[in-house]
Amino acid sequence: MGQLSELQIRAAAPRDKEYLLADGDGLYLRVRPAGKAWVYRSKRHGKEAKLSIGHYPVVTLAAARRKARAEAEKRAEGVDPREARRLEEERERIARLNTFERPPVPGTRRRGLVLHRR
């Protein structure tokens, strides 16, 4: 890993069609007319699978390499990175939707007020 340099990334100019610059170990910089983004590519069930890591320069080269290494470790453990990401996003969505709090316990203070059961 580590074929790309920061200078090569900055110098990568958009073309009419998107193209990929390989960094190694499945990490690629996708260069599009709209901008640059990091992609982790791997094979899944004989087909190519792409997993977005983030946009450059928000996600730096070093951070993209760390994230790609983490995805490769998941694959080595037999975990599908795309499925793991889907499950995590679903957990976060459910947590955001679950906004109900437990009712206050009688006799406890909340926001400076004493709550009493009527």
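Quick note: numbers below take in every heavy atom, side chains included, and nothing from hydrogens, waters or symmetry partners.
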Does R86 pair with E83 as a salt bridge, N-O distance under 4.0 Å?
yes
To the nearest 0.5 Å, how far apart are CG in L29 and CG in L4?
6.5 Å
Treat each ILVMFWY residue as a node, draw an edge where side-chain heavy atoms are under 4.5 Å apart, and state whether V31 and L27 are in one component.
yes
Taking salt bridge (Lys or Arg N to Asp or Glu O under 4.0 Å) as the definition, give me every residue that meets it alongside R32, ordered by chain and number, with sequence neighbours left out.
E18
Separation of R93 CZ from E89 CD (nearest 0.5 Å):
11.0 Å
Pair D25 + R69, salt bridge at N-O below 4.0 Å
no
Tell me which donor-acceptor pairs under 3.5 Å the side chains of residues 47-57 have, and how far apart each pair is, sequence neighbours excluded?
unit_1	atom_1	unit_2	atom_2	d
E48	OE1	R41	NH2	2.9
E48	OE2	R41	NE	3.2
Y56	OH	E6	OE2	2.4

I need the minimum non-hydrogen distance between P33 and P14, along with the two atoms involved.
CA-CB, 3.7 Å
Tell me, please, whether Y19 has R15 positioned over its six-membered ring: NZ or CZ under 6.0 Å from the ring centre and within 45 degrees of its axis?
yes
Joint hydrophobic cluster, W38 plus L21, side-chain heavy atoms closer than 4.5 Å:
yes
Could you grab the distance from atom NZ of K74 to atom CZ of R85, nearest 0.5 Å is fine?
7.5 Å
Should E88 and R91 count as an ion pair when the cut-off is N to O under 4.0 Å?
yes
Between Y40 and A72 the two heavy atoms that sit nearest each other are OH-CA, 3.5 Å
Tell me whether D23 contacts the main-chain N or O of Q3 through its side chain, where contact means a donor paired with an acceptor under 3.5 Å.
yes
Kindly say whether I9 contributes a backbone atom to a donor-acceptor pair with the side chain of K36 at under 3.5 angstrom?
yes
Kindly compute the distance separating CD (E71) from CG (D80), expressed to the nearest 0.5 Å.
9.5 Å
